[in-house]
Chemist: 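I have a structure here, written as structure tokens, and I will follow up with some questions on it.
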Amino acid sequence: MTETIELKLLSESRLDPKPRDGLLTYNPSVELFAGTAGSKPLQIWRSNGQIVTTSSQRGEKDSVESLHWKADGQFLAVGWSDGVVRLMGLETNKAVHQMPVCEAGKSKIACIGWARNTAGRRPKSSSTPKSTVWEDAVSRDLFPSDTKAAADLPREITFLEVETALPKLSPLPAAGGSGDDSFVFTTRASLEFLFQPFAPQDSENVDVMIVGTNDGQIHVSIYDSFVIGTFRYDPPQSSNSTAPLELCHHAAHPDLSTHMLVFKPSTEAKATTIYLVPMDLTFIQSSPENLSLLASKTTTLQKLLRYVKQVQMHMIREWQSTRELPTRFLNSINETLRESGNYGEMGIGQAMYHSVVTGHTFPEVKEWLVDQLAERGHKRWDRAVVSGLQALRGLVHENFLPALERIGIILSRLLGIARFHESDEIGFTSAQITRVMDIVSCLMVVGNKILLIAMDELELFQSFSIWLRHEIDRLASSSVSEELTEKEATMEHDKILAYIQQYMPASPLQHYLGSVPADQLESCRQQADSGSSLLELLGKQLQKQDSWQPGENLIAQIEFLSSYFGSKAESIFEGIAEAEKRSVRFGQPSAIDMENDISKFDVLMSTVSDSGTSHAVTYTALTTSGSESSVYVFRTTMSVLNGISGSVATEISCMILGDGRILDLKFLDGENLFVLWALEDQPLRVIRIPQKSNDLGYQPYTTERNIVPHVLRNDQVTSLFLNMTVPCGSGFVPAQMEIRQASSKRGKTPAKICLLGADSQTYKVYALPEDLFGGSQTS
């Protein structure tokens, strides 16, 4: 008789408010779980019930449709009712990535799957390392006398992270941004989380996200946020169904580029039929370039583009803040001078120039300085200009130019990949990268021009501000004091006059931080696309500007260059995605048809090798509403050659587990299926079924064949299978089970069974004994 084991209770929480629709999921690496909760669409708790964060969209109008943690626990994918999947970072409560999947109101997100694959067809490394990390080789000795140097230098150079030698990007101000990314880049923790350096040990890993909608659309992305494309899967002709299918589950194995998608008719809340459809992502295995390196660089480039866009908004806002208040002050006095009719076309600039040179102040100007502007107005003017220019200088120096430097390094890496694989279908060419690098060079030139002008304007304005305050005090005083005379002697009149002439009426920064009219934007694009070097065109315009020649200078505008840069970079991303998209295909579907509604099910993929040919084996475990004691295990085997799935054969084993009720069932790994089994007047048990064992009596399955079950008595259930009792008390009835493998990513944590009670509030986490399953379950 198999010995009964009692599970250890790790934590118990009472969730308030209740998770909606059972949307609750446990983080695979840390003690966090996320779910939908009451009026707050998304909530994340600690294992002790403490709320970590809450999140909502559009004033809580949108609701959460689906949740899924990334395999390493770093991101939570949240599918919202507005058709957007937002990735919440573990180190921040902000949505760090946003991927539009479908149009709100027309379809909705039904399921999110996230799995890790091993890229390429490289042989698996043995337990003994065959190469030495370059840094380790250098620290010990490049060529020790007693050992042979075995560093894989080409590989180490390929994955050498030059960006880590650069200063870290600085956070942006909390106010001043716009759009979905307005708060993403405002903290140091968020920036470090987003721009983590690429780890060479992850060079062969590709994280694949599959998002399904209720109209049969499948959205595929890799490396967190790089979108491959959207595909549609229609019902097989043999199904005689016209209703669209929706994704309801996803399974994958690290060593297989073929994923298994599980569909059900979208019109049915609970279905009697599900379809297992292989999805071959052959680009994971056969891409000529290193997919992880390419994906990491392109996604980092996408994030830097978003960062630069926010910096640009902040720069324009800060420059505008230096002009708004002074412009109101100057417009007021200009209007007064015009209304007086005594000075012709003279404006305040000429009047101030006259005052600096002659010492005489016109009566209207004197009244404006003493009665309207006065000390308070001057302080506001000074604060607006000085703080704005200083902030602009900081944004260019600490945010804009450093981000462009990083972009330049990434583009040089992509240029190397493009030149090395020029004859391969990788989705972009060296000419495209060179063009984008030309735009980045223009942005660097313009950024440096802005920096120089801002510093000059700040220096000149400070001299002007001192003089302006002196004039206010002098004109307001009935007599000239010795202190005012001494101040006047220290005035830098050349700088004051330079500011009045060159900066006060219209700052030169308007040539770079102004707005481009929509009707002229297209002509600018056509001029930039003319074939000439954009950097040369910019150089000619800057020469005209420096020599005060008339003419438009729209190509030098940050707004245009950033928009043009974004469009050219997007064409590269689309080209890469299109090249990978051509390598995606759907394989032969398998139907699982039951007499009653499927109430609970889980799917797992594993792989076996036979005579050099790999086979993908998919296990599907389910229960139906008509038989609460029966568990069905389907074993679907298909051949996979060069990443393409072939013929499919399905077998079935059906077991009736005594008189107990099956509350839920989940796979732990390729060896263990756990069944949550409740027997009247007996402790709640978790039954372990070894799904690989031929002792289960698998028999060929067809939809027409009657299934012969294996009927077990209650004592046979507890004696034939390893079983574990769940100490939960008499009042606790679980309604939902989730299983997490052991993890060592953030300290060693055991495998866990997580149970949500039928009241949707009681949540209990139990540890699985470490000595039961060895170390194979550690992720």
Side-chain angles (χ1 to χ4, degrees), residues 318-340 342-390 392-393 449-450 452-476 480 484-514 545-550 553:
E318 292 296 347
W319 175 69
Q320 290 174 344
S321 72
T322 68
R323 306 301 303 176
E324 288 171 357
L325 183 63
T327 299
R328 289 203 300 269
F329 286 147
L330 296 175
N331 287 342
S332 173
I333 181 59
N334 278 328
E335 186 177 352
T336 301
L337 291 173
R338 280 196 305 271
E339 290 175 353
S340 70
N342 299 325
Y343 307 104
E345 298 297 323
M346 185 185 73
I348 184 60
Q350 294 169 293
M352 285 186 171
Y353 195 96
H354 171 81
S355 297
V356 174
V357 174
T358 65
H360 170 262
T361 305
F362 295 108
E364 291 83 359
V365 177
K366 177 181 179 180
E367 180 182 354
W368 172 67
L369 288 173
V370 175
D371 298 335
Q372 295 184 34
L373 188 63
E375 179 182 352
R376 182 181 178 186
H378 170 264
K379 286 183 177 180
R380 292 173 60 202
W381 187 342
D382 183 85
R383 189 184 308 113
V385 175
V386 171
S387 62
L389 289 175
Q390 287 177 341
L392 176 61
R393 180 183 62 186
K449 290 286 288 185
I450 292 174
L452 292 173
I453 294 173
M455 293 171 65
D456 288 343
E457 183 170 347
L458 181 60
E459 181 182 3
L460 296 178
F461 174 78
Q462 288 173 334
S463 297
F464 168 77
S465 180
I466 293 172
W467 171 82
L468 187 63
R469 176 60 189 272
H470 172 269
E471 283 295 289
I472 293 173
D473 292 342
R474 182 179 68 82
L475 295 172
V480 179
L484 290 175
T485 305
E486 291 177 355
K487 282 186 177 180
E488 186 173 7
T490 62
M491 298 289 176
E492 298 178 283
H493 292 88
D494 57 334
K495 293 183 178 180
I496 298 168
L497 293 174
Y499 181 82
I500 293 173
Q501 277 188 304
Q502 301 172 20
Y503 290 89
M504 191 176 74
S507 170
L509 289 173
Q510 68 180 337
H511 298 302
Y512 310 101
L513 296 171
Q545 179 187 316
D546 292 341
S547 58
W548 302 96
Q549 296 181 28
N553 198 25

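Along the sequence shown, residues carry numbers from 1.
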Chemist: How close do Val386 and Leu458 get, heavy atom to heavy atom, and via which atoms?
Modeler: CA-CD1, 4.0 Å
Chemist: Output yes when a side-chain donor or acceptor of Glu457 lies under 3.5 Å from a complementary backbone atom of Ala454, and no otherwise.
Modeler: no
Chemist: Does atom CE of Met455 have more than 12 heavy-atom neighbours, drawn from other residues, nucleotides or ligands, at distances under 6.0 Å?
Modeler: no
Chemist: For a 4.5 angstrom cut-off between non-hydrogen side-chain atoms, does Met352 reach Met504?
Modeler: yes
Chemist: Enter the distance from Ile500:CD1 to Phe461:CZ here, rounded to the nearest 0.5 Å.
Modeler: 11.5 Å
Chemist: With rounding to the nearest 0.5 Å, note down the distance linking CD in Gln510 to CD1 in Ile453.
Modeler: 10.0 Å
Chemist: Using the six-membered ring wherever Trp is involved, compare the ring planes of Phe329 and Trp381 and label them parallel, tilted or perpendicular (cut-offs 30° and 60°).
Modeler: tilted
Chemist: Mind telling me whether Tyr503 and Tyr499 have parallel, tilted or perpendicular rings, with 30° and 60° as the class edges?
Modeler: parallel
Chemist: With rounding to the nearest 0.5 Å, note down the distance linking CG in Leu392 to CD in Gln390.
Modeler: 11.0 Å
Chemist: Nearest 0.5 Å, what's the OG1-CD distance between Thr361 and Glu367?
Modeler: 13.0 Å
Chemist: Taking all heavy atoms of Leu460 and all of Ala498, pick out the closest pair and write down the distance.
Modeler: CD1-CB, 4.2 Å
Chemist: How close do Ser463 and Lys495 get, counting heavy atoms only, and between which atoms?
Modeler: OG-CD, 3.6 Å
Chemist: Short question: side chain of Asn334, backbone of Ile348 - any donor-acceptor pair under 3.5 Å?
Modeler: yes
Chemist: So, the side chain of His378 versus the backbone of Ser465: is there a donor-acceptor pair under 3.5 Å, distance only?
Modeler: yes
Chemist: For Gln372 versus Ser332, what's the shortest heavy-atom pair and its separation?
Modeler: OE1-OG, 3.4 Å
Chemist: Atom CD in Gln320, atom OG1 in Thr327: separation rounded to 0.5 Å?
Modeler: 10.5 Å
Chemist: If you measure from the Lys or Arg side-chain nitrogens to the Asp or Glu carboxylate oxygens, is any gap between Glu335 and Arg338 under 4.0 Å?
Modeler: no
Chemist: Will you find, in the side chains of Glu364 and Thr336, an N or O donor that is under 3.5 Å from an N or O acceptor?
Modeler: no
Chemist: So do Ile496 and Leu468 actually touch side chain to side chain, heavy atoms under 4.5 Å?
Modeler: no
Chemist: Below 4.5 Å, heavy atoms only, C-beta onward: do Ser340 and Phe362 meet side chain to side chain?
Modeler: no
Chemist: Using every non-hydrogen atom in the two residues, find where Ala384 and Leu325 come nearest and quote the distance to one decimal.
Modeler: CB-CD2, 4.3 Å
Chemist: Show the nearest heavy-atom pair for residues Val385 and Pro326, with the distance to one decimal.
Modeler: CG2-CG, 3.7 Å
Chemist: May I ask you to say whether Glu375 pairs ionically with Lys379, meaning some side-chain N is under 4.0 Å from a carboxylate O?
Modeler: yes
Chemist: Does Glu345 have more than 12 heavy atoms from other residues, nucleotides or ligands lying within 6.0 Å of its CD?
Modeler: no
Chemist: Quiz question: by atom type and distance under 3.5 Å, do the side chains of Tyr343 and Gln350 form a donor-acceptor pair?
Modeler: no
Chemist: Once you round to the nearest 0.5 Å, how far does NE2 of His470 lie from CG of Leu475?
Modeler: 9.0 Å
